[in-house]
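Here the structure comes first, spelled out in structure tokens, and everything after it is commentary.
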Amino acid sequence: MWTRLINTVKNKFKILKQHGYQTIKNLNNVKLPREFRGRPEIIPGIPKDMASFLSGLCPSSAINFKPFSIDLGRCIFCGECEKACPSHIRFTEDFRMASCDRSALIVKEGDNKILLKKDLLRSEVAGLFSKSLKLRQVSAGGDNSCEMELNAAANVNFDMGRFGIEFVASPRHADGIVLTGPLTENMSESLKICWDSIPSPKIFILAGADAISGKLYDNGVSLNRTFLNDHLPDLYIPGNPIHPLSFLYGVMKTFVLK
């Protein structure tokens, strides 16, 4: 019996040694592969006919050509605009995409970053959750892509728990909501019940293009986004789906880190 137990422990330590330290130590120094489509850059001087063509090409109506801009709250990061006009549009590997201001997600010609605009954060929540943040994730008609990436934020690679960020099962134990999905009619009442169950003050985060704008389902008959008319989000995190690093960057810079 003792021999079997000792061998089991030895094998576990052997596995740990082989795997090494897998957690990303410094999130600020992460370099993602070129295949990742992050914050786009728009080089000024796009011809008017090309701008009009790209606007019609975008499947989620994220491109406006008067003036030319890309709304990351609607963008699905398909990359079709970059393929059609690589001389003026490039999706970078920058995952730092989050803002307290919805309008800051609209990337214009010459923009080289997204402004977080923490000064717009409500005073009652600013700095309140700097040591610990418990969140209730609500999937309001999502396709499970953003939900899976949020789950990944807690895995061994990203390990958001070391920063005091955790998802909880009950809204009564939460400090706020992370909403994914376009917010369907069937989920509208459930979202309201969940929100009302969270003690005040509480925060509201929209994760992914579905939640921010409705994306491809905008104005669909199965949606009911009236909840967003009465509750102003504290943080917008674009992506389709969002990247765990984008989520950690936005949450940590806004709430957890002073």
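Counting from 1, the numbers follow the sequence of the chain as shown.
- The hydrophobic cluster containing Leu248 also contains Leu235, counting ILVMFWY residues as joined when their side-chain heavy atoms lie under 4.5 angstrom apart, directly or transitively.
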With a 3.5 Å cut-off and sequence neighbours excluded, list the donor-acceptor pairs that the side chains of residues 48-67 form with protein atoms.
residue	atom	partner	partner atom	Å
Ser55	OG	Ile63	O	3.3
Ser60	OG	Arg74	O	2.9
Asn64	OD1	Lys66	N	3.1

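- In terms of modelled atom types and a separation under 3.5 Å, the side chain of Lys202 and the main chain of Ile198 share a donor-acceptor contact.
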Cut-off 3.5 Å, no hydrogens considered: what does the side-chain donor-acceptor table look like for residues 75-87, sequence neighbours left out?
residue	atom	partner	partner atom	Å
Glu82	OE2	Arg34	NH2	3.2
Glu82	OE2	Phe91	N	3.3

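- Once rounded to the nearest 0.5 Å, the distance linking OG of Ser222 with CE of Met187 reads 13.0 Å.
- A continuous path of Ile, Leu, Val, Met, Phe, Trp and Tyr side chains, each step under 4.5 Å between heavy atoms, connects Leu32 with Ile24, placing both in one hydrophobic cluster.
- Connection of Tyr249 to Phe167 is established within a shared hydrophobic cluster, with ILVMFWY side chains joined at heavy-atom distances below 4.5 Å, either directly or through further cluster members.
- Nearest approach of Asn157 to Asn155, heavy atoms of both residues: N-OD1, 2.9 Å.
- In this structure, Arg37 has no salt bridge (charged side-chain N to carboxylate O under 4.0 Å, His left out) partners at least two apart in sequence or on a different chain.
- Phe68 approaches Ile89 most closely through the heavy-atom pair CZ-CD1, 3.8 Å.
- Cluster annotation: Phe95 is not connected to Met97 through the hydrophobic network of ILVMFWY side chains, with a link wherever side-chain heavy atoms come within less than 4.5 Å.
- Nearest heavy-atom pair, Ala152 versus Phe158, reported as atom, atom and distance to 0.1 Å: O-CD1, 3.2 Å.
- In summary, Arg96 and Glu93 do not engage in a salt bridge, as defined by a charged side-chain N under 4.0 Å from a carboxylate O.
- Checked by atom type and distance alone, the side chain of Ser246 never pairs as donor or acceptor with a backbone atom of Ile242 at under 3.5 Å.
- Applying the salt bridge (charged side-chain N to carboxylate O under 4.0 Å, His left out) test to Glu149 and every residue at least two apart in sequence or in another chain returns nothing.
- Between the side chain of Thr92 and the backbone N or O of Arg39 there is at least one donor-acceptor pair closer than 3.5 Å.
- Counting only residues at least two apart or in different chains, salt bridge (Lys or Arg N to Asp or Glu O under 4.0 Å) contacts with residues 226-250 comprise Arg122-Asp234.
- Within the 3.5 Å criterion, the main-chain N or O of Val251 finds no donor-acceptor partner in the side chain of Thr254.
- Here Leu116 contributes atom CG and Leu121 contributes atom CG; the two are 9.0 Å apart, rounded to the nearest 0.5 Å.
- For Lys31 and Asp94, the salt-bridge test fails: no basic side-chain N is under 4.0 Å from an acidic carboxylate O.
- Counting only distance, with no hydrogens or angles, the side chain of Arg136 and the backbone of Ala169 share a donor-acceptor pair below 3.5 Å.
- Within the 6.0 Å centre-distance limit, the rings of Phe204 and Phe227 are counted as a close aromatic pair.
- Note that CG of Leu135 is 12.5 Å distant from CG of Leu179, once rounded to the nearest 0.5 Å.
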Practice item. Please report the C-alpha distance between Lys108 and Asp71 in whole Å, then the side-chain angles of each, then the deciding distance to 0.1 Å, and finally whether the salt bridge (Lys or Arg N to Asp or Glu O under 4.0 Å) criterion is met. Key: CA-CA 9 Å; Lys108 303 179 179 64; Asp71 183 358; over 6 Å; no
Please tabulate, for the side chains in residues 170-178, all donor-acceptor contacts under 3.5 angstrom to protein atoms that are two or more places apart in sequence or on a different chain.
residue	atom	partner	partner atom	Å
Ser170	OG	Arg172	N	3.2
Asp175	OD2	Lys134	N	2.9

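- Inter-residue side-chain proximity for Ile46 and Glu109 is flagged as met; some heavy-atom pair is nearer than 4.5 Å.
- A pairwise comparison of heavy atoms in Leu72 and Pro238 identifies O-CB, 3.3 Å as the closest pair.
- In this structure, the side chains of Glu166 and Ser132 stay at 4.5 Å or more apart for every pair of heavy atoms.
- For Phe163, the side-chain contact (heavy atoms from CB on, under 4.5 Å) partners two or more places apart in sequence, or in a different chain, are Leu27, Ile165, Met252.
- Taken from OG1 in Thr184 to CG in Asp210, the straight-line distance is 11.0 Å, to the nearest 0.5 Å.
- In this structure, the side chains of Leu245 and Val30 come closer than 4.5 Å at one or more pairs of heavy atoms.
- Put simply, Ile237 and Val107 are part of two different groups of oily side chains (I, L, V, M, F, W, Y) that touch within less than 4.5 Å, one to the next.
- In this structure, OG in Ser99 is found 10.5 Å from CD1 in Ile106, a value given to the nearest 0.5 Å.
- Separating the CG atom in Leu206 from the OG1 atom in Thr180 is a distance of 10.0 Å, to the nearest 0.5 Å.
- Using a 4.5 Å heavy-atom cutoff, the side chains of Leu115 and Lys113 are in contact.
- Partners of Lys117 according to the salt bridge (charged side-chain N to carboxylate O under 4.0 Å, His left out) rule, which considers only residues two or more places apart in sequence or in another chain, are Asp101.
- The hydrophobic side chain of Met148 is isolated, with no ILVMFWY side chain under 4.5 Å apart from it.
- When hydrophobic residues (I, L, V, M, F, W, Y) are linked wherever their side-chain heavy atoms come within less than 4.5 Å, Ile43 remains an isolated member.
- Thr23 places a side-chain N or O within donor-acceptor distance of the main-chain N or O of Val156, the cut-off being under 3.5 Å.
- The salt bridge (Lys or Arg N to Asp or Glu O under 4.0 Å) contacts involving residues 139-148 comprise nothing, where partners must be two or more places apart or lie in separate chains.
- Summarising the geometry of Ser69 relative to Ile42, their closest heavy-atom pair is CA-CD1, 4.1 Å, with the distance given to 0.1 Å.
- Contact detail for Gly73 and Ser213: the closest heavy-atom pair is O-OG, 2.7 Å.
- Listed by first and then second residue, the ring-ring contact (aromatic ring centres under 6.0 Å, His included) pairs that reach into residues 103-134 come to none, sequence neighbours excluded.
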